[in-house]
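Inspection log for the structure reproduced underneath, given as structure tokens.
Letters A, B, ... are given to chains in the order of the sequence lines, protein chains preceding strands, and every chain is numbered from 1.
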2 protein chains.
Amino acid sequence: MAHQSFNMTLKQLAKELNLSFSTVSKALRDSHEISIETKNRVLAKAKALNYQVNPLASSLRKQKSKTIAVVIPEVVNDFFGPVINGIESIAQEKEYHVLIYLTHEDMQKEVAITKLLQNGRVDGIMMSLSEQTSITTHLEALQEKGIPLVFFDRIAEQMDAPKVTTDDYNCGIKATEHLLENGCKSIAFLTIAPNLSISNKRMNGYLDALKRHNIEPDERLILSCTGDDAKNNELIRQLLGNPNRPDGVFASVEKLAISTYAICAELNLNIPEDLKVICFSNMQTAAFLNPSLSTITQPAFEMGREAAAILFDLVEKKGKQPRVEKMVLNSVLVERNSSKATWEAPKNIKPQS
Amino acid sequence: MAHQSFNMTLKQLAKELNLSFSTVSKALRDSHEISIETKNRVLAKAKALNYQVNPLASSLRKQKSKTIAVVIPEVVNDFFGPVINGIESIAQEKEYHVLIYLTHEDMQKEVAITKLLQNGRVDGIMMSLSEQTSITTHLEALQEKGIPLVFFDRIAEQMDAPKVTTDDYNCGIKATEHLLENGCKSIAFLTIAPNLSISNKRMNGYLDALKRHNIEPDERLILSCTGDDAKNNELIRQLLGNPNRPDGVFASVEKLAISTYAICAELNLNIPEDLKVICFSNMQTAAFLNPSLSTITQPAFEMGREAAAILFDLVEKKGKQPRVEKMVLNSVLVERNSSKATWEAPKNIKPQS
DNA sequence: AGAAGCTCCTACAACGTTGTCGCAAATAAA
DNA sequence: TTTATTTGCGACAACGTTGTAGGAGCTTCT
């Protein structure tokens, strides 16, 4: 049997019905110009022959693709997964399609991807920048073509486009003060991608919290990590192996906290007795880590939903002002054992082993 | 300034160059019919005016969309993230685009999605079934339209399409025997979605391992869980709260192991002393859980890559036989503390506390 | 009865490409 | 010089839709 039965088209359907194909087209879209009997005939036949409109032709004609692109660095952590989920949930409601592109934190790829999105493939774009992205001409090119663009999380600060973020600066303060309140005297800040807006804001929160408590920031306590995990581990090892090591670590991304856990195991440092740890993370199992990890958790799903909602708003009344220029959602600080004050510590006090 | 500068088309470009648009089209695609000088002129102008071909028009004409769809249940766990990563990495190499659709484990949505993919939107489809999916007529409809379809992980056993899986049956055996070897006498099996092929195979592995060790399977030790976490917790609580509770738990999915951890904390059961736990999981932090979690880890990224490679193969020489009918990748069992034999336990032997 | 207005349908020109065909002009072969 | 052949370009017809314009047949109003 023919495994390759061909696609039904409007014309073929029309021929089957002895109608002009414009009549059939209108009947399918429930136009008032067509009699009810004809509509029913057409609908029945379309169903019988399993006719589906060709989205390419339709999009070309209507100059609308009903498709958006999501451009993100990765999908391998617990943040972008829920974000995609949020985006997709709205897209499905609005009957849009979602293209996904990963930059792998590589600006060249980001640029290449934006080129692909320039000519009608999508009606709008959602972006979270790669950690390398410094210039934004490729993004401005998209705007010049009139394609709505919404940033989330890793935004391009200087661009005139809606942005959905979390309260990174505040959380930077809160996390730092949380460690201070629990007895830390010397807090290290681990970060990646210093040119990313989120990194900056989190660090500024950290610095301002220290200032507020009259603590002089120490450059040696600020670790600028990279995509190279081995190198990061080495940096952390140096930091924590040092005799006058910090007694607290505030990691701006999850993986650096995990590295910290690993290095502590290696160096026989006890969390939280010797070192308190807190980090930005959406890990679902933070509560089950050993010790359970205190986190600042971003509302990832909601970010996806909100950003997508703004984008669809923009797409649907193109040219109008966006509904929101900047939306800031609140993350929550979840205290767990990794940052617990030591005086309310384990069952029996170990002397000096 | 006009924020909405219009898209450059072939015709406009041709007018600028005083050439016919077919000439320009050919020049851009480096046709031998066009002189080198003309090509250079065209290329230069195209670059200057930032011309990009309209993919909708091009796809319509060529009857190829250069796009594939990935239809999966969720993205919120550590399995589908890496899978997407693998798929996308090949797609990027081959210059394909990736549409993503989530079924949210809902068969109705799966059916609706397949409808959308019927008419030229995509050149091929990759699927992992929803846990509800029992019938496959919607998938056969796709095949009848001649759209290549590749399954991965949660496959439709009975369908004639390439399938990429892991060695679920074997791992079911290995995990069960691992628990037996570490001293378990009574092992519970926690599963979801019994009509899913993976659940079945994992369970069969479990059952056959018991048989091999002359242990009579006990129906009360096989928990068929659902999407409702509260209910699942209740089931697990009953199982573990019972005086003659099992001394081992083999969870076929990660979340059931996490629930088990939570319930053990609640019931003051010690893992692994009172209960040994192992599960299928791609969690990156399994080693840092308390206790560290023994897992069977699937090669998710590779699965994505392999499945995508097979799909592209199929797409590019449509109608031919697929390169592979069935591909089975090996998962690895990673022993950690949650399943450690109790006799080779902590540093100093605690008597009977 | 004639004008005006409905109702229901068809014809046709887009949308932006690509590929086939045809045809000049230039070159090569006879 | 005549006859093939090649080189370079343009005309044109698709691809499968949608929306506008038009028109035949009927009813309704003056």
Side-chain angles (χ1 to χ4, degrees), chain A residues 6-43 45-46 49-67 116-123 145-147, chain B residues 6-43 45-46 49-67 116-123 145-147:
Chain A
F6 270 83
N7 273 332
M8 184 59 37
T9 73
L10 208 48
K11 288 188 186 174
Q12 293 167 45
L13 190 59
K15 195 172 285 176
E16 294 274 342
L17 287 157
N18 273 323
L19 286 170
S20 79
F21 65 95
S22 23
T23 303
V24 176
S25 168
K26 286 178 212 174
L28 289 171
R29 273 163 304 111
D30 200 27
S31 160
H32 63 95
E33 292 180 40
I34 307 297
S35 72
I36 299 171
E37 302 86 57
T38 310
K39 279 183 195 169
N40 289 340
R41 266 186 70 213
V42 171
L43 254 34
K45 199 73 171 180
L49 299 180
N50 193 20
Y51 169 79
Q52 302 284 128
V53 312
N54 182 315
L56 262 33
S58 178
S59 294
L60 176 61
R61 176 61 227 257
K62 296 200 282 193
Q63 298 287 84
K64 291 224 148 290
S65 64
K66 281 285 220 171
T67 303
L116 298 173
L117 301 178
Q118 295 231 358
N119 217 325
R121 189 185 302 277
V122 295
D123 296 341
K145 295 264 181 173
I147 306 172
Chain B
F6 270 83
N7 273 333
M8 182 61 40
T9 73
L10 209 49
K11 288 189 186 174
Q12 292 167 45
L13 190 58
K15 194 171 283 175
E16 294 274 341
L17 287 157
N18 273 320
L19 287 170
S20 82
F21 66 95
S22 25
T23 303
V24 175
S25 169
K26 287 177 214 173
L28 289 171
R29 274 164 304 113
D30 201 27
S31 160
H32 63 94
E33 292 180 41
I34 307 297
S35 71
I36 298 170
E37 302 85 59
T38 310
K39 278 182 194 169
N40 288 339
R41 267 184 68 212
V42 171
L43 254 35
K45 199 72 170 183
L49 298 180
N50 191 20
Y51 168 79
Q52 305 282 128
V53 310
N54 182 314
L56 262 34
S58 178
S59 294
L60 176 60
R61 178 59 227 258
K62 296 199 282 194
Q63 297 288 82
K64 292 224 148 290
S65 65
K66 282 284 220 173
T67 303
L116 298 173
L117 301 178
Q118 295 232 357
N119 217 326
R121 190 185 299 277
V122 295
D123 296 341
K145 296 263 181 174
I147 306 172

Practice prompt. With heavy atoms under 4.0 Å as the rule, sort A:Ser59 into base, sugar-phosphate or nothing.
Written response: nothing

Response to the item:
Taken to the nearest whole Å, CD/A:Glu37 to C1'/C:dC9 is 13 Å

Response to the item:
Separation of C:dA11 atom C1' from A:Leu19 atom CG, nearest Å, is 14 Å

Worksheet item: Between the main-chain N or O of B:Ser31 and the side-chain N or O of B:Lys39, is there a donor-acceptor pair closer than 3.5 Å?
Response: yes

Item to complete: Tell me what B:Thr9 touches on the nucleic acid: a base, only sugar-phosphate, or nothing, going by heavy atoms under 4.0 Å.
Response: sugar-phosphate

Worksheet item: Is there a donor and acceptor pair, one atom on the side chain of B:Ser20 and one on the base of D:dA11, closer than 3.5 Å?
Response: no

Worksheet item: From C:dC9, C:dG19, D:dG19, pick the nucleotide closest to the side chain of B:Lys62?
Response: C:dG19

Worksheet, complete the sentence: Note: for B:Ser22 and B:Ala57 on DNA chain C, the residue whose nearest nucleotide lies more 5' is B:Ala57

Practice prompt. Flag the pair B:Val24 / B:Lys45 as yes when at least one side-chain heavy-atom distance between them is below 4.5 Å, and no otherwise.
Written response: no

Worksheet, complete the sentence: Among C:dC8, C:dT17, D:dT17, the one nearest any side-chain atom of B:Tyr51 is C:dT17

Fill in: Whole-Å distance separating the CZ atom of B:Phe21 from the C1' atom of D:dA11
8 Å

Discussion item. Would the base of D:dC9 count as contacting B:Glu33 through its side chain, where contact means a donor and an acceptor less than 3.5 Å apart?
Written reply: yes

Worksheet item: Taking for each residue the nucleotide of DNA chain D with the nearest heavy atom, is it B:Val24 or B:Asn119 whose nucleotide lies nearer the 5' end?
Response: B:Val24

Worksheet entry | Length of the CD1-P vector between B:Ile34 and D:dT7, whole Å | 13 Å

Worksheet entry | Nearest-0.5 Å distance, CG of residue A:Leu28 to CD1 of residue A:Ile34 | 10.0 Å

Practice prompt. Give a yes/no answer on whether the side chain of A:Ser35 brings an N or O atom under 4.0 Å of OP1 or OP2 in C:dC9.
Written response: yes

Discussion item. Using side chain to side chain contact (heavy atoms under 4.5 Å, CB included), reason through B:Thr9 and B:Asn54 one step at a time and then give a plain yes or no.
Written reply: CA-CA 8 Å; B:Thr9 73; B:Asn54 182 314; over 6 Å; no

Worksheet item: Are the side chain of B:Asn7 and the backbone N or O of A:Asn119 linked by a donor-acceptor pair below 3.5 Å?
Response: no

Item to complete: Consider the side chain of A:Asn54, meaning its heavy atoms from C-beta on, and name the nucleotide among D:dG19, D:dG16, C:dT17 that approaches it most closely.
Response: D:dG16

Practice prompt. Check the distance between C:dT10's P and A:Lys11's NZ and give it to me in whole angstrom.
Written response: 15 Å

Item to complete: Would you please confirm or rule out a distance under 4.0 Å between OP1 or OP2 of D:dG16 and any side-chain N or O of B:Gln63?
Response: yes

Worksheet item: Expressed in angstrom and rounded to an integer, what is the separation of B:Arg29 atom CZ from C:dG16 atom P?
Response: 17 Å

Worksheet item: Hey, does B:Ser31 reach any base, or is it just sugar-phosphate, or nothing, if we go heavy atoms under 4.0 Å?
Response: nothing

Item to complete: Return the minimal non-hydrogen interatomic distance between B:Arg121 and A:Thr67, and the atom names on each side.
Response: NH1-OG1, 4.4 Å

Fill in: Distance in angstrom units between B:Leu60 CG and C:dA14 C1', rounded
13 Å

Response to the item:
A:Leu28 CG to C:dC9 C1', in whole Å, measures 15 Å

Worksheet entry | Distance below 4.0 Å between B:Ser58 side-chain N/O and C:dG16 OP1 or OP2 | no

Discussion item. Looking at the base of D:dT17, is there any donor atom on it, or on the side chain of A:Lys26, that sits under 3.5 Å from an acceptor on the other one?
Written reply: no

Worksheet item: Is B:Thr23 touching bases, backbone alone, or none of the nucleic acid, heavy atoms closer than 4.0 Å?
Response: base

